[in-house]
Amino acid sequence: MPRFIAVAEKPGLSEAEFRNAVDRTGKWRFAKRGWIVKAYCALDKGKLVVECEAPQQSDFEDWLEKNGWLTEDIHRVSYIHEGGLVWPMPS
Amino acid sequence: MAPTVEELLKLEPNQMFEYDESPDIEEVKNRQQVYFEDVEIGEELPKYIHTYTIVELVRWCIAMENTHRLHYDYAFSHNQDNLPGTLFHGTFRMSIIGKWLKNWVMPNGWMWKASWQVREMVTATETTILWGKVTGKRKIEGYGLVDIELGIVNEEGWEGAPGKATVALPFRGGEPVPYPFVPPAEG
């Protein structure tokens with residue numbers, strides 16, 4: 001399944017709002033085949049970086065929109081570095 | 001009266017824990033026998049509500065000598081196997097179902113047989129509810145048999161271990177279920 005990464009913005013984003021977006025399974029695993037892998041937030045600037053696996057980019061976009069997070073940029077990921085290893089993502 | 005699974009699923013996970021019926025060690029040691037006559041069709045068994053942490057998954061990996069990384073290595077699970085997280089083992093589910101049935105029938109009953117399927121990915125951090133409902137009961141010579149429908153749902157109600165079991169319970173005023181247990185002819 002493809003991996004996507006998005007940069008998003010939500011001015012005034014709070015910790016509570018960020019937590020609320022992923023505070024139970026049905027929120028972060030939003031579909032049988034679709035889940036948020038990681039999400040990062042910088043509260044002071046209202047910026048987010050979010051990773052997602054989903055069959056279609058539009059699934060991820062819908063999730064971001066549902067949270068009121070404005071997508072600035074979104075990409076399909078080719079490779080990931082984590083823990084000293086490089087992992088290819090499905091093409 | 002304990003809430004039903006359906007009622008629990010309307011709660012937030014941290015609220016669900018208030019209704020966890022897992023016994024502590026003293027309750028297990030001092031367990032009062034459930035007798036065949038006490039059980040009614042449709043009755044729910046005590047629900048065990050728990051969030052399995054990655055520490056518990058690692059401990060199970062060690063116990064089972066199952067070192068597959070999808071159970072404890074987030075990077076591998078996410079990036080190699082493209083999974084939502086580290087997965088709750090099928091064998092771990094098997095273990096807790098056995099313990100739960102044993103706890104319910106002890107000290108003088110017997111967990112005769114159980115079967116279930118492993119479905120749905122359940123990851124560390126998800127809250128799970130181990131549930132069961134009595135679907136049938138019948139007397140045979142010396143003790144009674146109770147049929148149970150069971151499963152382990154996560155906090156969203158996704159069923160991860162649909163199955164069934166049959167346990168043997170003593171009659172009130174009767175003898176303990178014989179040990180070693182010899183299954184009745186019905187198979």
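Letters go in sequence order (proteins before strands), and every chain restarts at 1.
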request  = Check each atom of A/P88 against the heavy atoms of chain B and say whether the ones under 4.5 Å are side chain, backbone, both or neither.
outcome  = backbone
note = Bottom line for A/M1: the part with an atom under 4.5 Å from chain B's heavy atoms is backbone
Report, as yes or no, whether the 6.0 Å neighbourhood of atom [atom1] on [X] holds more than 12 heavy atoms from other residues, nucleotides or ligands.
X: B/K164; atom1: NZ; answer: no
X: B/K102; atom1: NZ; answer: yes
X: A/Q56; atom1: CD; answer: no
X: B/Q32; atom1: CD; answer: no
X: A/F30; atom1: CZ; answer: yes
X: B/E27; atom1: CD; answer: yes

Are [X] and [Y] in one and the same hydrophobic cluster, where Ile, Leu, Val, Met, Phe, Trp and Tyr link if side-chain heavy atoms are under 4.5 Å apart?
X: A/W28; Y: A/I74; result: yes
X: A/W69; Y: A/L43; result: yes
X: B/W110; Y: B/F171; result: no
X: B/V177; Y: B/V167; result: no
X: B/L70; Y: B/F92; result: no

Identify which part of [X] has an atom lying under 4.5 Å from any heavy atom of chain A, answering side chain, backbone, both or neither.
X: B/Y74; answer: neither
X: B/N154; answer: side chain
X: B/E120; answer: side chain

Close side-chain approach of B/H78 and A/R3, heavy atoms under 4.5 Å = yes
query = Does any non-hydrogen side-chain atom of B/N82 lie less than 4.5 Å from one of A/M89?
reply = yes
query = Does the side chain to side chain contact (heavy atoms under 4.5 Å, CB included) test come out yes or no for B/M121 and A/R29, once each step is laid out?
reply = CA-CA 10 Å; B/M121 293 184 289; A/R29 289 178 63 187; 3.6 Å; yes
ask   = Any residues in residues 122-136 of chain B near chain A, with a heavy-atom distance under 4.5 Å, and which are they?
value = B/V122, B/T123, B/T125, B/E126
key: Pick from A/E51, A/K38, A/K32 with the largest number of heavy-atom pairs that fall under 4.5 Å of chain B   = A/K32
message = If I compare all heavy atoms of A/W87 with all of B/F76, which pair ends up nearest, and what's the gap?
response = CH2-CA, 3.7 Å
request  = Working to the nearest 0.5 Å, report the span between CD of B/E156 and NZ of A/K27.
outcome  = 9.0 Å
query = Does B/E155 offer a backbone N or O that forms a donor-acceptor pair with the side chain of A/R24 under 3.5 Å?
reply = yes
message = Once side chain to side chain contact (heavy atoms under 4.5 Å, CB included) is applied, do any residues pair with B/E65, and if so which ones, sequence neighbours excluded?
response = none
